[in-house]
Amino acid sequence: MSLRTATSGAAAPEGLPAAVPVHVGVIMDGNGRWATSRKLPRVEGHRRGVEALRRCVRAAREIGIRFLTIYSFSSENWSRPLGEVTELLRLLRLFLRNDLAELNATNVRVKVIGERANLSPDIRQLLADAEALTRDNTGLTLVVAFNYGSRQEIAAAVARIAQDVAAGRLKPEDVGVDMISQRLETAGIPDPDLIVRTSGEQRLSNFLLWQAAYSEFVFLPINWPDFDKDALLCAIAEYTRRERRFGGVTKSPGP
Ligand code: FPP
């Protein structure tokens, strides 16, 4: 049975898509449901989720996506049971230790967004090492959103702007959309063209709220551990059928 998106029922195509989005954001959802439906512990879903993540990064490289942002741990995920949080932190460590060499060898640049202050020193070091090792790579940029919350990111940017205004370095009338974009952790990264969420849930859950103003959303009815290149191609095929107007109007075919 072919994979169909929640939106149009479009089937996954053969080969490469006609139009490749520059930046794809992925909300990797459904690990717990994947596991519990198989009578496995939830953490087994996260473990299989790391394999799906590897498939996703490889597929993104093969397809020619320039930026891939993965939502791997949200600011709100700390409220999960301690054992699950501990396993997610362990999987991040493993991913960074085991996969960094391949990422670097395949010209992937790693960038991390999210609050690092309350992460343990060894994780902070692994994140910094991954960024430093791959900084000059020119292929896919893999943006790892870890301990990330978009509202927190926006609030921090606004606070820094307020400090600059209070100190007289900025005038209130100078504050605008571009300035806020430049003060977000994603400064320099184009806004996502496409945001894919697995598991059938249809919400953003505090992911790239500002950056997603004109993103296309595709919701796939599969759980994240089942994600593969066909699923990514299916989401991109749906994306290529959308007409992006950015608040404007459709170009008329007339004279
Ligand atoms: C959502 O599924 C997924 C997460 C909260 C974590 C995503 C993590 C991975 C894919 C693997 C770890 C990767 C790294 C790099 C740390 P869920 O648990 O909310 O699923 P559910 O909604 O079915 O319960």
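For the single chain, residues carry numbers from 1 onward in sequence order. The structure displayed is predicted, hence computed values, not measured ones. Whatever order the structure lists ligands and atoms in, that order sets their numbers, starting from 1.
- A 4.5 Å side-chain heavy-atom check between Ser150 and Ile154 finds at least one atom pair inside the cut-off.
- Remark: the Trp78 side chain and the Asn147 side chain contain an N/O donor-acceptor pair separated by less than 3.5 Å.
- Contact annotation: for Ile70 versus ligand 1, there are no heavy atoms closer than 4.0 Å.
- Remark: the Asp178 side chain and the Gln182 side chain contain no N/O donor-acceptor pair separated by less than 3.5 Å.
- Put simply, part of Arg42 is less than 4.0 Å from ligand 1, judged by heavy atoms.
- A donor-acceptor contact closer than 3.5 angstrom is absent between the side chains of Ser199 and Trp224.
- Ligand 1 lies less than 4.0 angstrom from a heavy atom belonging to Arg80.
- Using the six-membered ring where Trp is involved, Phe146 and Phe73 have ring planes that are parallel, under 30° apart on the 30 and 60° scheme.
- Under a 4.0 Å criterion applied to the non-hydrogen atoms of Trp224, ligand 1 contributes the atoms 10 (C).
- Proximity of Pro21 to Ile236: side-chain heavy atoms (C-beta onward) are separated by under 4.5 Å at one or more points.
- Counting heavy atoms closer than 4.0 Å to ligand 1, residue Phe73 contributes nothing at all.
- The protein heavy atom nearest to atom 22 (O) of ligand 1 is Arg33 NH2, 2.8 Å.
- Residue contact check: Val50 has heavy atoms under 4.0 Å from atoms 11 (C), 12 (C) of ligand 1.
- With a heavy-atom cut-off of 4.0 Å, Asn77 touches ligand 1 through its side chain alone.
- For Gly49, no nitrogen or oxygen atom sits less than 3.5 Å from a nitrogen or oxygen atom of ligand 1, counting backbone and side chain alike.
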Query - Trace of the salt bridge (Lys or Arg N to Asp or Glu O under 4.0 Å) decision for Glu216 with Arg241 - result: CA-CA 11 Å; Glu216 296 294 330; Arg241 276 187 290 275; over 6 Å; no
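- Closest to atom 11 (C) of ligand 1, if we only count protein heavy atoms, is His46 O, 3.6 Å.
- The protein heavy-atom contact nearest to atom 3 (C) of ligand 1 is Met28 O, 3.0 Å.
- Inspection of the Gln211 and Glu185 side chains reveals no N or O donor paired with an N or O acceptor under 3.5 Å.
- Below 30°, between 30° and 60°, or above 60°: for His23 and Phe67 the angle between ring planes is between 30° and 60°, a tilted geometry.
- Distances between N or O atoms of Ser72 and those of ligand 1 include no value under 3.5 Å.
- Results of the side-chain contact (heavy atoms from CB on, under 4.5 Å) test with Leu142 over Ile70, Val112, Thr134 single out Ile70 as the only residue that passes.
- Closest protein heavy atom to atom 15 (C) of ligand 1: Leu53 CD2, 3.8 Å.
- Of all protein heavy atoms, the one closest to atom 10 (C) of ligand 1 is Asn31 ND2, 3.4 Å.
- Residue contacts with ligand 1 include Gly30, since one or more of its heavy atoms lies under 4.0 Å from the ligand.
- Less than 4.0 angstrom separates some heavy atom of Asp29 from each of these atoms of ligand 1: 1 (C), 2 (O), 17 (P), 19 (O), 20 (O), 22 (O).
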